[in-house]
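Heads up: the structure comes next, in structure tokens.
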Amino acid sequence: MAESKHFIHEIIDEELKEGGRCYGKTVHTRFPPEPNGYLHIGHAKALEIDFGTAELYGGLCNLRMDDTNPTKEDEEFVEAIKEDIKWLGHDWGDRFYYASDYFEQMYGYAIELIEKGLAYVCELTPEQMKEMRGDTQTPAQSPYRDRPIEESLDLFKRMRAGEFEDGKMTLRARIDLASGNFNMRDPVIYRINRLPHHRQGTKWVIYPMYDFAHPIEDALEGITHSLCSLEFEAHRPLYDWVVNNISVECKPRQIEFARLGITNTVLSKRKLRNLIESGYVTGWDDPRMPTLCGLRRRGYTPAAIRAFHERNGVSKVNSLVDFAFLEYCLREDLNKTAKRAMAVIHPVKLIIDNYPADMTEEFTVENNPENPDDGVRTVSFSRELWIEAEDFMEVPEKKYFRLFPGNEVRLKSAYIVKCTGCDRDPDGNVTAVHCEYDTESRGGNPADGRKIKSTIHWVDSRTCVDAEIRLYDKLFTTEQPDLADCNYLDFINPDSLTVVEGAKVEASLADTKPADRFQFLRVGYFCADNKDSVPGHLVFNRAVSLKDSYRPEQ
RNA sequence: UGGGGUGUAGCCAAGUGGUAAGGCACGGGUCUUUGACUCCCGCAUUCGCAGGUUCAAGUCCUGCCACCCCAGCCA
């Protein structure tokens with residue numbers, strides 16, 4: 001929970017006081033996704049605000065599919081949305097709704113408005129309506145706004161009956177053609193659309209617009225606080241107009257907050273879809289995507305995502321949060337929870353020349369030094385091991401203190417070895433590193449207590465298993481790929497994915513299950529791919545690297 | 001040139017007339033059988049700018065500037 005309350009909660013505190021709008025009431029919010037795509041980390045912010053506010057005040061939060069436009073929405077997204085919300089740990093109880101289930105009631109309220117002289121049927125074409133909208137200096141014109149109530153009533157009923165073609169007529173709210181707020185210039189509240197609706201089928205050929213439908217949905221469900229993003233601020237007068245002019249007892253209050261921006265990625269459904277359709281990523285759940293299913297596959301945890309949003313806070317300032325902060329939140333969680341394992345991504349042979357060729361030992365290693373309850377495991381050890389190629393340099397650069405001729409390092413939990421040299425192929429590539437071990441240093445403790453500066457990870461060449469490692473990096477090379485005057489596709493990071501075949505991982509990883517997470521010692525946090533990793537062909541995704549303060553100096 | 005919003009460090013963000021919290025990033029050190037983690041230190045004489053009120057202003061007043069959203073029969 002945040003240290004200090006953000007502005008929305010301060011508003012609610014006031015309203016809950018005696019005499020306040022919500023005195024004695026239960027705080028009731030809603031999360032209203034449109035089922036036309038997958039949820040991403042930006043939606044997660046809204047999710048945390050909607051569900052989090054309800055939780056904070058001991059209230060309720062409904063889950064509602066905002067499906068008022070048949071041309072965009074599809075049932076296929078509904079289950080995925082529910083799954084993502086559950087994954088994040090939120091519970092809507094039995095309060096799962098569809099806006100489309102309220103169509104009949106909405107129709108009734110539209111009739112009420114017409115009867116009150118507050119709505120009328122308009123026969124302008126979309127083009128005409130656009131032309132007559134006016135501008136900042138000129139009021140709009142609407143030739144049908146004074147047609148008799150009876151005529152609008154008749155026409156609207158015939159609209160519903162399907163007597164008119166798509167686009168021929170609309171129902172408009174009769175508000176203010178001269179308003180500086182264009183949303184109030186007699187906005188369309190119903191349009192004709194013959195496309196079948198994903199749940200209502202062909203029952204309806206007229207559909208309510210968001211500005212009319214949303215306040216009704218909220219009022220019908222008894223929502224006290226309708227929390228949404230900043231771009232709806234100018235729609236609030238219309239929201240209030242609707243709840244104040246129809247016969248509903250509940251008058252919800254809309255409060256707007258800034259949506260989330262993160263560096264080096266994009267967060268619009270259109271752009272994300274385009275990344276998929278253009279083949280830059282493999283799908284909505286590609287681990288490089290900022291979608292919840294993508295982050296999940298990448299190895300992100302619900303706790304990390306929730307911490308990210310809680311610490312970012314809630315305000316009305318358009319923000320662009322550093323991607324590094326998301327990574328920090330993940331590392332913080334995984335450092336405490338992920339079991340350690342040894343994996344060599346870029347293997348090179350380490351031969352211990354004074355170790356008997358037929359000997360094998362087992363060493364005990366802690367699973368997580370941050371959490372002793374995770375216990376220990378044993379790893380096997382023999383004369384030939386695999387180590388990370390970058391842990392050896394024949395000619396060390398300044399401040400390099402791993403393996404180089406003459407230097408000692410500790411093999412994690414095993415022995416201290418002294419490097420004696422290396423073998424190279426005709427092209428000059430290192431094919432094996434040679435060393436000798438200190439027989440008195442079993443477990444990694446030197447008998448004489450001398451300090452060993454470096455400890456490196458390793459795997460036993462006799463028992464290790466192969467794995468495919470997918471190294472992910474930022475999707476875009478610039479912090480703001482979606483700046484107005486540039487094309488975000490120009491900034492795609494060509495190295496956002498590096499696939500490494502033939503990595504060597506310790507034997508204990510052989511029975512890893514999909515979605516299992518680990519810290520590969522000294523390398524980073526990895527997650528078994530939830531689609532492609534199977535026994536016999538392990539696939540690990542790098543969720544995030546470990547911080548690395550090693551800076552070679554020259 | 002209409003309406004609605006927002007400006008506090010590289011990035012988030014507290015602050016509600018009493019002398020600029022915290023986190024990330026960054027730099028330095030400590031610790032370490034992970035160059036991780038931990039711990040410690042440093043990091044805004046100043047709050048978009050300019051005036052004004054006040055003993056006292058990031059907070060109040062006036063003016064200006066910058067940026068974001070709105071003219072879908074999208075949400």
Side-chain angles (χ1 to χ4, degrees), chain A residues 2-6 10 32-34 36 66-69 71-73 122 124-126 129-130 133-140 166-172 178-185 187-193 206-207 209-211 213-214 228-237 256 258 260 263 269 311-329 331-332 335-336 340 342 365-366 369-370 399-402 409-414 416 443-445 452-457 479 484 519-525 545-551:
Chain A
E3 315 69 36
S4 62
K5 293 194 170 189
H6 60 244
E10 288 183 346
E34 183 184 17
N36 70 343
D66 208 358
D67 56 349
T68 57
N69 185 350
T71 79
K72 295 170 66 181
E73 294 134 10
C122 177
L124 255 24
T125 64
M129 203 178 288
K130 192 173 181 179
R133 178 113 37 210
D135 54 39
T136 55
Q137 312 296 317
T138 324
D166 290 14
K168 264 282 188 278
M169 288 183 193
T170 59
L171 183 69
R172 289 229 251 169
S179 175
N181 181 350
F182 278 69
N183 297 305
M184 301 296 269
R185 315 252 267 216
V188 170
I189 58 176
Y190 262 94
R191 76 285 212 181
I192 303 172
N193 187 340
I206 57 172
Y207 292 92
M209 298 288 290
Y210 170 88
D211 284 322
H214 207 82
C228 64
S229 47
L230 244 33
E231 67 265 32
F232 293 104
E233 225 161 3
H235 295 247
R236 193 187 334 126
E256 312 84 11
L260 174 74
T263 62
K269 284 178 189 170
R311 291 162 180 226
N312 268 327
V314 178
S315 73
K316 300 185 72 160
V317 186
N318 283 311
S319 64
L320 186 66
V321 178
D322 197 332
F323 192 84
F325 188 59
L326 217 207
E327 295 190 318
Y328 166 81
C329 292
R331 288 193 190 102
E332 181 187 53
N335 178 50
K336 289 180 299 194
R340 271 60 171 172
M342 292 199 281
V365 190
E366 70 277 17
E370 303 284 329
K399 286 184 119 178
Y400 184 87
F401 47 77
R402 281 111 96 169
V409 304
R410 173 168 31 236
L411 296 174
K412 171 70 180 175
S413 299
I416 289 165
N445 299 305
I452 303 298
K453 180 75 171 160
S454 181
T455 299
I456 66 172
H457 61 284
E479 287 201 342
Q519 183 199 96
F520 287 169
L521 225 57
R522 302 208 306 131
V523 180
Y525 295 97
S545 67
L546 245 32
K547 270 186 72 175
D548 182 7
S549 61
Y550 174 55
R551 302 272 184 287

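Taking atom P in both B:C37 and B:G28, the straight-line distance is 15 Å, to the nearest Å. Between B:G4 and B:G23, the two P atoms lie 39 Å apart (nearest whole Å). Nucleotides B:A44 and B:G7, compared at atom C1', are 16 Å apart to the nearest Å. Rounded to whole Å, the separation between the P atoms of B:G3 and B:C11 comes to 31 Å. The same atom, C1', is picked in B:A9 and in B:A21; the two are 14 Å apart, to the nearest Å. B:U8 and B:G48 have their P atoms separated by 6 Å, given to the nearest Å. For the P atoms, the distance from B:U46 to B:U53 is 22 Å, rounded to whole Å. For the P atoms, the distance linking B:G51 with B:G42 amounts to 34 Å, nearest Å.
A:Asn36 comes within 4.0 angstrom of nothing in the nucleic acid, heavy atoms only. In this structure, A:Glu327 reaches neither bases nor backbone, as no heavy-atom distance under 4.0 Å exists between it and the strands shown.
Taking atom CZ of A:Phe323 as the reference point, atom P of B:C12 lies 16 Å away to the nearest angstrom. Rounded to an integer number of Å, the gap from A:Glu10 CD to B:U16 P is 10 Å. Spacing between atom CG of A:Asn312 and atom C1' of B:A25 amounts to 13 Å, rounded to whole angstrom units. Here B:U34 presents its P atom at 13 Å from NE2 of A:His457, a figure rounded to the nearest Å. Residue A:His6 contributes atom NE2, which lies 12 Å from atom P of B:G15 at whole-angstrom precision. The distance between atom CD of A:Glu256 and atom P of B:C70, rounded to the nearest whole Å, is 14 Å.
Residues A:His214 and A:His235 form no side-chain contact, since every pair of their non-hydrogen atoms from C-beta on lies 4.5 Å or further apart. The shortest distance between side-chain heavy atoms of A:Met169 and A:Ile206 does not fall below 4.5 Å. Residues A:Thr170 and A:Met129 meet the side-chain proximity criterion, which asks for heavy atoms closer than 4.5 Å. With a 4.5 Å cut-off on side-chain heavy atoms, A:Val321 and A:Leu260 count as touching. You'll find the side chain of A:Pro187 stays beyond 4.5 Å of the side chain of A:Met209, heavy atoms only. A:Leu411 places a side-chain heavy atom less than 4.5 Å from the side chain of A:Ile456.
Counting only distance, with no hydrogens or angles, the side chain of A:Arg331 and the backbone of A:Leu546 share no donor-acceptor pair below 3.5 Å. In terms of modelled atom types and a separation under 3.5 Å, the side chain of A:Thr263 and the main chain of A:Phe323 share a donor-acceptor contact. Here the side chain of A:Ser179 pairs a donor or acceptor atom with the backbone of A:Asn181 at under 3.5 angstrom.
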Taking only Watson-Crick and G-U wobble pairs with both distances under 3.5 Å, what dot-bracket line describes RNA chain B, where [ ] shows pairs that cross earlier ones and | shows pairs with another strand? .(((((((.[[[..)..(...]]].((((.........)))).....[[[[[..)....]]]]])))))).....
For a quick check, with a 4.0 angstrom heavy-atom cut-off, what is the B/S/- contact string for nucleotides 35-42 of chain B, read 5' to 3'? BBB-----
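By the side-chain hydrogen bond (donor to acceptor under 3.5 Å, both in side chains) test, A:Asn335 is found to be paired with A:Arg340, residues two or more places apart in sequence or in another chain being considered.
The shortest non-hydrogen separation linking A:Glu10 to A:Lys5 is OE2-O, 3.8 Å. Of all non-hydrogen atoms in A:Thr68 and A:Ala213, the two that sit nearest each other are CG2-CB, 3.9 Å. Closest heavy-atom contact between A:Lys72 and A:Asn36: O-CB, 3.3 Å. Taking both residues in full, the closest heavy atoms of A:Arg522 and A:Gln519 are given as N-OE1, 4.4 Å, listed atom of the first, atom of the second, then distance. Minimum interatomic distance between A:Phe401 and A:Ser454 (heavy atoms only, all atoms of both residues): O-CB, 3.0 Å. Nearest approach of A:Asp166 to A:Ile192, heavy atoms of both residues: OD1-CG2, 3.6 Å.
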Are there any protein N/O atoms within less than 3.5 Å of an N/O atom in nucleotides 73-75 of chain B, and if so, which ones and at what distance?
from  : atom 1 : to       : atom 2 : distance (Å)
B:C73 : OP1    : A:Arg133 : NH2    : 3.1
B:C73 : N3     : A:Gly167 : O      : 3.2
B:C73 : N4     : A:Leu124 : O      : 2.6
B:C73 : N4     : A:Pro126 : N      : 3.2
B:C73 : N4     : A:Gly167 : O      : 2.8
B:C74 : OP2    : A:Arg191 : NE     : 3.0
B:C74 : OP2    : A:Arg191 : NH2    : 3.0
B:C74 : O3'    : A:Asn69  : ND2    : 3.4
B:C74 : O3'    : A:Arg191 : NH2    : 3.2
B:C74 : O2'    : A:Asn69  : ND2    : 3.1
B:C74 : O2'    : A:Lys72  : NZ     : 2.9
B:A75 : OP1    : A:Thr68  : OG1    : 2.9
B:A75 : OP1    : A:Arg191 : NH1    : 3.3
B:A75 : OP1    : A:Arg191 : NH2    : 2.9
B:A75 : OP2    : A:Tyr210 : N      : 2.9
B:A75 : O3'    : A:Asp66  : OD2    : 3.0
B:A75 : N6     : A:His235 : NE2    : 3.3

Just the atom pairs and distances: protein N or O near nucleotides 5-10 of chain B's N or O, under 3.5 Å.
from : atom 1 : to       : atom 2 : distance (Å)
B:G5 : O2'    : A:Glu233 : OE1    : 3.3

If you restrict it to nitrogen or oxygen atoms, what contacts under 3.5 Å exist between nucleotides 46-49 of chain B and the protein, and what is each distance?
none

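Using a 4.0 Å cut-off, some side-chain N or O of A:Ser315 falls inside it from OP1 or OP2 of B:A13.
Along RNA chain B, the nucleotide nearest to A:Val321 and the one nearest to A:Lys412 differ in position, and the one closer to the 5' end is contacted by A:Val321.
Of the charged side-chain nitrogens involved, none lies within less than 4.0 Å of a carboxylate oxygen, so that A:Lys547 and A:Glu327 do not count as a salt-bridged pair.
Cation-pi contact between A:Arg311 and A:Tyr328: absent, since separation from the ring centre below 6.0 Å together with deviation from the ring axis within 45° is not met.
In textbook terms, a nucleotide whose glycosidic angle is within 90° of 0 is syn, while B:G42, being further out, is anti.
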